[in-house]
Number of protein chains: 2
Amino acid sequence: MSRIEDVALAAGVSTATVSRALRGLPKVSAETRQRVLDAAAEARYIASPTASSLASGKTGVVAVVVPYVTRWYFAHLIAGASQMLREHGYHVLLVDVGDEGPGREMLLDSRLFFKRVDAALVLSLRMHPQEREMLGRLGFPVVSVGVPSAGWSCVRIDDVGAIRLATEHLIGLGHERIAFVGGKPLPATDFTTPGDRETGFRAAMADAGLPVRDWQVANAAWTPAGGLEAGLSLLRRRQRPTAVVVASDEMAIGVLSAAREPGHRRAR
Amino acid sequence: MSRIEDVALAAGVSTATVSRALRGLPKVSAETRQRVLDAAAEARYIASPTASSLASGKTGVVAVVVPYVTRWYFAHLIAGASQMLREHGYHVLLVDVGDEGPGREMLLDSRLFFKRVDAALVLSLRMHPQEREMLGRLGFPVVSVGVPSAGWSCVRIDDVGAIRLATEHLIGLGHERIAFVGGKPLPATDFTTPGDRETGFRAAMADAGLPVRDWQVANAAWTPAGGLEAGLSLLRRRQRPTAVVVASDEMAIGVLSAAREPGHRRAR
DNA sequence: CTGAAAGCGCTTACAG
DNA sequence: CTGAAAGCGCTTACAG
């Protein structure tokens, strides 16, 4: 491949000018810019990202740190982030901390990020304090999704309010015997969301003056399988709920599967 | 952060020696190596990957190119590749070409890879000829998964043999009225697998002298939804199959869902 | 608007 | 076994 000097020679300018022209910086005459663009196209020139990173300190890469890549929710977050980053000219460094057990498989190491990325996106990941400190020390922006973390921007929904709204919707439709399928967070992830969502459910029920018996609140695994189990359990009751609020999409998938299982008499 | 020169000064050696010692290269005395390691640890030194890439030409990054990140099969491939690469000290650059339509959303561009990765892993992706040529030109190794591609290593299973084996297993159990749920490949992916798997089914049936009527072979979408639809269709028949061979895990998920739908009389 | 030159921070022959 | 020096290929003040 050609280097910037080849383009400079071909265009009859300095490498500094080529650099400016190609990056669309101001203070390059239109005519010069065009000559450079033509020469670059002719030479099929692509700037070496490693060289420009070294010189500029920018990498054009954003780390996306996830606890699991295979789960529905995270896969969709990755897809969305990846698409948006690409639209803005960024590359994605995928960091899968792969936690399927109680202890995280991988501890975040500063050499995963150091001088390698311009920023990091941390998805619903529960981090050890020293990991947080390490990420902070690296000096690039960190945005977390789902888990508020002091000092970092965070994108999340109002967990309490969202479930409250869903519950109120059902109450508005006339339901009174509403069940809630919530549960335990996945090992490596945020742990406030499950509790907050249950709080939202209870708040809406309380506001409506509806009782919440123990059987109405299921504490399931935060997965389709957990939802399936909880759903079957609810359906096996003599007196079933007339509606169910589920704390997450993935658990809802499981509850819907339960509803499809054969052998249930029609509810109501 | 500290630079290699700081470590060299602290250890009383040249930067060349620091470089060799830290990377475990031979021809460094044990004593010198230890001094360097101590000095590096003391300074919390981490080599700048962009600088070492520029000097060495190696990036320590492997591109993982996928047509979809959210589908079960691809998510698992990504997770597996990512884990294995990390174990070997490589980082993962995720390239999601995101195709949900007939035309690919993104065309592979050489600037996604140029001087950015040491190799690429291409997962079941159907590429345009010019994309293949472009990847070849970049001069790093490419390994494809699922789709054989001239000149590249490829990891795949024996599609014909695998389904033949599955079918023979059912035949061995005494089944004769066996259905096959195969289908159309996803837009951006390989297109030989679906055909090959159907071939394996038909071959096994033919070898056993069993007829294959039209209704026994479903041509569904290569997704859980496709499997669900095909499965329901089979279950609605007066004379059902006694066993079903499904061409992919994702379609099988759908067929299993169909089997769980209420309202079916027990088969047999 | 443009260029000469320093600098980013390593690695790698080449000598010794 | 170790070091001096060139080189990887850009970007960025600084001058003009």
Less than 4.5 Å apart, side chain to side chain, heavy atoms only: is that true for Val62(B) and Val117(B)? no
Check: Thr50(A) main-chain N/O paired with Ser53(B) side-chain donor or acceptor under 3.5 Å: no
Identify, between Ala47(A) and Arg33(B), the residue whose nearest nucleotide on DNA chain D lies closer to the 5' end. Arg33(B)
Does Ser82(B) reach the side chain of Leu85(B), with side-chain heavy atoms less than 4.5 Å apart? no
Strand DNA chain D as a dot-bracket string - pairs counted if Watson-Crick or G-U with both distances under 3.5 Å, | where the partner lies in another strand: |||.||||||||.|||
Of all residues at least two apart in sequence or in a different chain, which pass the side-chain contact (heavy atoms from CB on, under 4.5 Å) check with Arg116(A)? Leu93(A), Pro49(B), Val61(B), His91(B)
Heavy-atom side-chain contact between Ile157(A) and Arg197(A) under 4.5 Å: yes
Has Arg156(B) got a side-chain atom pairing as donor or acceptor with Ser144(B)'s backbone, closer than 3.5 angstrom? no
Counting distance only, does the side-chain N/O of Asp38(A) pair as donor-acceptor with the main-chain N or O of Arg35(A) below 3.5 Å? no
Start with the C-alpha distance between Val147(B) and Met127(B), add both sets of side-chain angles, then the distance that settles side chain to side chain contact (heavy atoms under 4.5 Å, CB included), and finish with yes or no. CA-CA 10 Å; Val147(B) 192; Met127(B) 283 189 290; over 6 Å; no
Main-chain N/O of Gly195(B) paired with Thr199(B) side-chain donor or acceptor, under 3.5 Å: yes
What residues, two or more places apart in sequence or in another chain, satisfy side-chain hydrogen bond (donor to acceptor under 3.5 Å, both in side chains) together with Thr59(A)? Asp118(A)
Tell me what Thr50(B) touches on the nucleic acid: a base, only sugar-phosphate, or nothing, going by heavy atoms under 4.0 Å. nothing
So with a 6.0 Å cut-off around CD of Gln130(A), is the heavy-atom count from everything else above 12? yes
Side-chain touch Trp72(B)/Thr70(A), heavy atoms, less than 4.5 angstrom: no
Within residues 14-25 of chain B, which residues have any heavy atom lying less than 4.0 Å from an atom of DNA chain D? Ser14(B), Ala16(B), Thr17(B), Arg20(B)
Under 3.5 Å donor-acceptor, Ser56(A) side chain and Ser52(A) backbone: yes
Heavy atoms within less than 4.0 Å of DNA chain C: which residues of residues 51-60 of chain A have one? Give them sorted by number. Leu54(A), Ala55(A)
Anything under 4.0 Å to a heavy atom of chain A counts; send over the first and last such nucleotide of DNA chain D, read 5' to 3'. dG9(D) to dA13(D)
